[in-house]
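Worksheet for the structure shown next.
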Amino acid sequence: GWGAGCGGGWGALSRAPVTRGRGVARGRVVSSLEAPEIAATARAGQFVNLGWSGVFLRRPFSIYGAEGERIEFVLKAVGRGTSQLLAMRPGDVISCLGPLGHGFELAAGPRTAVLVSGGLGVAPMPLAAREAHALGMRVTWVHGARNSDGPGIGAEGDGGSWAADD
């Protein structure tokens, strides 16, 4: 239903300081925010809506990682808004709403998880792989991309296959 975040609620609204950004592939950056309420409940396949000064509408980003008090998301400059996010420095504050969405349903029992992604759809896969490993599953990850840089993001599987247009 409307606002179905983690646990059926709207998620937490936080003023989240940027803690770091690191380049991971051609034109892609993993950015971290200090958002303890969100990090504590985030699951693979969920997302956050981010807002900051200079943009009218919030932007949705898949949660790439959640550990301790921090969450991570993947950025690629595709317009004015994402370019502004990429220009932010540690200490800059973003309005962060999340975690939102139902997330992936991973349960103990199956022995293997096959993850399939393409392009920026790679973002939730490392967290999904970690959750599957924690449940004792073997993980195979298949990813397609525009170029042969590979996913450029932590390959958390036991086996994998990368395909590129070039």
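Counting from 1, the numbers follow the sequence of the chain as shown. All heavy atoms count here, side chains included; hydrogens, waters and symmetry mates do not. All values derive from a computational prediction rather than experimental measurement.
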query = Do L13 and V93 sit in the same hydrophobic cluster, where Ile, Leu, Val, Met, Phe, Trp and Tyr count as joined when their side-chain heavy atoms come under 4.5 Å apart?
reply = no

request  = Is it possible for you to say whether V29 and W52 belong to one hydrophobic cluster, with membership spreading through side-chain heavy-atom contacts below 4.5 Å?
outcome  = yes

At their closest point, which heavy atom of [X] faces which heavy atom of [Y], and how far apart are they?
X: E131; Y: L106; result: CB-CD1, 3.6 Å
X: F104; Y: A128; result: CD1-CB, 3.8 Å
X: S14; Y: I38; result: OG-CD1, 4.1 Å
X: E37; Y: A12; result: OE1-CB, 3.4 Å
X: P99; Y: Q46; result: CB-OE1, 3.5 Å
X: A39; Y: A66; result: O-CB, 3.9 Å

task = Show the numbers, then the answer: is there a side chain to side chain donor-acceptor pair (under 3.5 Å) between W141 and S117?
result = CA-CA 8 Å; W141 184 0; S117 60; 3.0 Å; yes

To the closest 0.5 Å, what do you measure between [atom1] ([X]) and [atom2] ([Y])?
X: T19; Y: R70; atom1: OG1; atom2: CZ; result: 4.0 Å
X: E69; Y: S32; atom1: CD; atom2: OG; result: 13.0 Å
X: R15; Y: E34; atom1: CZ; atom2: CD; result: 12.5 Å
X: S83; Y: M88; atom1: OG; atom2: CE; result: 11.5 Å

query = Can you check whether Y64 reaches P126 side chain to side chain, under 4.5 Å on heavy atoms?
reply = yes

task = Mind running side-chain contact (heavy atoms from CB on, under 4.5 Å) on V139 and H133 for me, showing each step along the way?
result = CA-CA 7 Å; V139 176; H133 275 136; 3.9 Å; yes

inquiry  = Taking atom CD as the centre, does Q84 end up with more than 12 heavy-atom neighbours from other residues, nucleotides or ligands that are less than 6.0 angstrom away?
reply    = yes

ask   = Within a reach of under 6.0 Å around CZ of R111, are more than 12 heavy atoms found that belong to other residues, nucleotides or ligands?
value = no

message = Name the residue from N49, L75, I71 that meets the side chain to side chain contact (heavy atoms under 4.5 Å, CB included) definition with F61.
response = L75

task = Let me know which of V30, I63, L33 forms a side chain to side chain contact (heavy atoms under 4.5 Å, CB included) with E72.
result = V30

request  = Applying side-chain contact (heavy atoms from CB on, under 4.5 Å), run through I94 and V18 and close with a yes or a no.
outcome  = CA-CA 7 Å; I94 296 175; V18 173; 3.8 Å; yes

key: Between R58 and S95, a side-chain donor and acceptor under 3.5 Å   = yes

ask   = Within the side chain of R43, is there an N or O that forms a donor-acceptor pair under 3.5 Å with the backbone of H102?
value = yes

